[in-house]
Amino acid sequence: MKLTGRTCPLAVCLAMCAGWSSSVSAQQAPAAQPAGAPQAPAQQTSAQQAPAQPQEPENLDRMLSISLYDWLPYGGPFLRGGAKAVVPPSHDLKLPKRPSRAYAALVTMPMKGNTRLEVSYLTLGDSGHGTAPTDLGAFGGTISQGEPLFLKYSLRQLKVSWNYLTYPNPPQDSKFRIKTLWELHWFQLKPSVTLTVTAPDQPLTESQRIIMPAVGMGFEYVPSHHFRIEGRGSGMGIPSHPAVGDADVTIVGRIRKVEIFGGGKALYFRTSPQKETFIKGFLWGPYAGLRWVF
């Protein structure tokens, strides 16, 4: 506004105020977007989740389980003359060779790291009739050739195994694993030979035991959560002393907390040859059972 050719001081002040107001408005943050409006690309990227990591196979060494199984073995024990035997007569005699069946139980408990403690118990026995093939000596007695015999035996095995995951450790996503086994075996064998004609009420018998450490190796192939294959073998033997051997291969299928398994098992044992009569034997055959996993 001009009055008599001069600029009005009031107009100058109003123009300066208008310019300052426009500058302040331009510096203010933009108004918030209404609800439902799409987010900016930077916000969407930050909201995205990290990609899922592949799930590694189940760590079998961290499971508590109880197993029951039935074994149908072939073969059996026989008697042999030891270091204290007086020869003749012979002390060699075959006992019944095909036990009807054997029953066993196994408990596994997780321990520190990728190891587990396994405790198993096996019991089997058999009986049958035979004839002395020659003059025999057994457990301090004598048997005449041709004597009708009633033969019987029982076997008990208790095994404690420290099952150590050797490779890879920890298992991570590996499907194939190698185990190292450190074990203690306890056997109780009780054969009985009854002379059915000469002494039907006085069987010749002696309970013999084996207590021995053993070492071994095993493997596990775990292609999925519901299926795996296991194999293991262990043993220990010293000349003129007891010997033990134990091996099995197992196929396992899993449904929730129950596993169904089956395979083949072999067992070898020999009591101390320093006795008059010692016992040795080899049994093998299929087995199957159920396992409850906790």
Side-chain angles (χ1 to χ4, degrees), residues 70-104 120-159 183-214 235-246 265-285:
D70 187 7
W71 183 30
L72 300 176
Y74 298 87
F78 45 91
L79 307 181
R80 289 289 183 265
K84 297 181 179 180
V86 178
V87 180
S90 171
H91 288 67
D92 297 349
L93 178 64
K94 294 181 179 179
L95 297 177
K97 283 292 185 181
R98 189 171 177 178
S100 58
R101 63 187 56 197
Y103 302 100
S120 64
Y121 179 77
L122 169 69
T123 177
L124 64 87
D126 199 3
S127 61
H129 293 272
T131 303
T134 183
D135 292 342
L136 297 173
F139 309 120
T142 57
I143 305 171
S144 300
Q145 181 179 2
E147 176 78 30
L149 304 175
F150 177 68
L151 307 171
K152 181 179 179 181
Y153 76 90
S154 63
L155 181 151
R156 307 287 184 268
Q157 181 199 23
L158 178 65
K159 181 174 67 173
E183 299 179 339
L184 178 65
H185 292 248
W186 176 88
F187 282 83
Q188 183 185 53
L189 299 112
K190 190 174 182 180
S192 174
V193 181
T194 302
L195 288 65
T196 58
V197 175
T198 306
D201 299 327
Q202 298 178 358
L204 303 174
T205 182
E206 181 181 68
S207 180
Q208 297 189 11
R209 293 180 176 84
I210 303 172
I211 302 176
M212 195 168 190
M236 179 68 72
I238 303 174
S240 301
H241 289 80
V244 296
D246 198 347
K265 177 178 176 63
L267 181 66
Y268 172 79
F269 53 87
R270 182 186 70 206
T271 62
S272 175
Q274 301 301 319
K275 296 178 175 291
E276 177 197 14
T277 305
F278 69 95
I279 312 162
K280 63 184 301 184
F282 180 66
L283 299 102
W284 73 97

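Residue L158 comes nearest to S120 through the heavy atom pair CD1-O, 3.3 Å, listed as atom of the first residue, atom of the second, then distance. Across all their heavy atoms, P213 and L184 have their closest contact at N-CD1, 4.0 Å. Between Y153 and P99, the shortest heavy-atom contact is OH-CG, 3.2 Å.
Within 6.0 Å of atom NZ in K190, 12 or fewer heavy atoms from other residues, nucleotides or ligands are found, so the atom counts as exposed in its surroundings. When the shell of 6.0 Å around OH of Y74 is examined, it contains 12 or fewer heavy atoms from other residues, nucleotides or ligands.
Separation of atoms CG (L283) and CZ (R98) is listed at 12.0 Å; rounding is to 0.5 Å. In this structure, the separation between OG1 on T277 and CG on L93 is 9.5 Å, given to the nearest 0.5 Å.
Under the side chain to side chain contact (heavy atoms under 4.5 Å, CB included) test applied with Q157, the options V244, I210, D246, T123 reduce to a single match, D246. With T271 as reference, Q208 is the one residue of Q208, R209, H241 to meet the side chain to side chain donor-acceptor pair (under 3.5 Å) rule.
A distance-only check finds no donor-acceptor pair linking the side chain of E276 to the backbone of G81 [under 3.5 Å]. Remark: side-chain polar atoms of H185 are not paired, donor with acceptor, to backbone N or O of E183 under 3.5 angstrom.
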I'd like a table of donor-acceptor pairs (distance under 3.5 Å, sequence neighbours excluded) in which one partner is a side-chain atom from residues 128-147, with atom names and distances.
from: D135; atom 1: OD1; to: Q145; atom 2: N; distance (Å): 2.8
from: Q145; atom 1: NE2; to: P133; atom 2: O; distance (Å): 3.3
from: E147; atom 1: OE1; to: T198; atom 2: OG1; distance (Å): 2.7
from: E147; atom 1: OE2; to: V197; atom 2: N; distance (Å): 3.2
from: E147; atom 1: OE2; to: T198; atom 2: N; distance (Å): 3.1
from: E147; atom 1: OE2; to: T198; atom 2: OG1; distance (Å): 3.2

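For T194, the side chain to side chain contact (heavy atoms under 4.5 Å, CB included) test picks out F150, S192, P203, with sequence neighbours left out.
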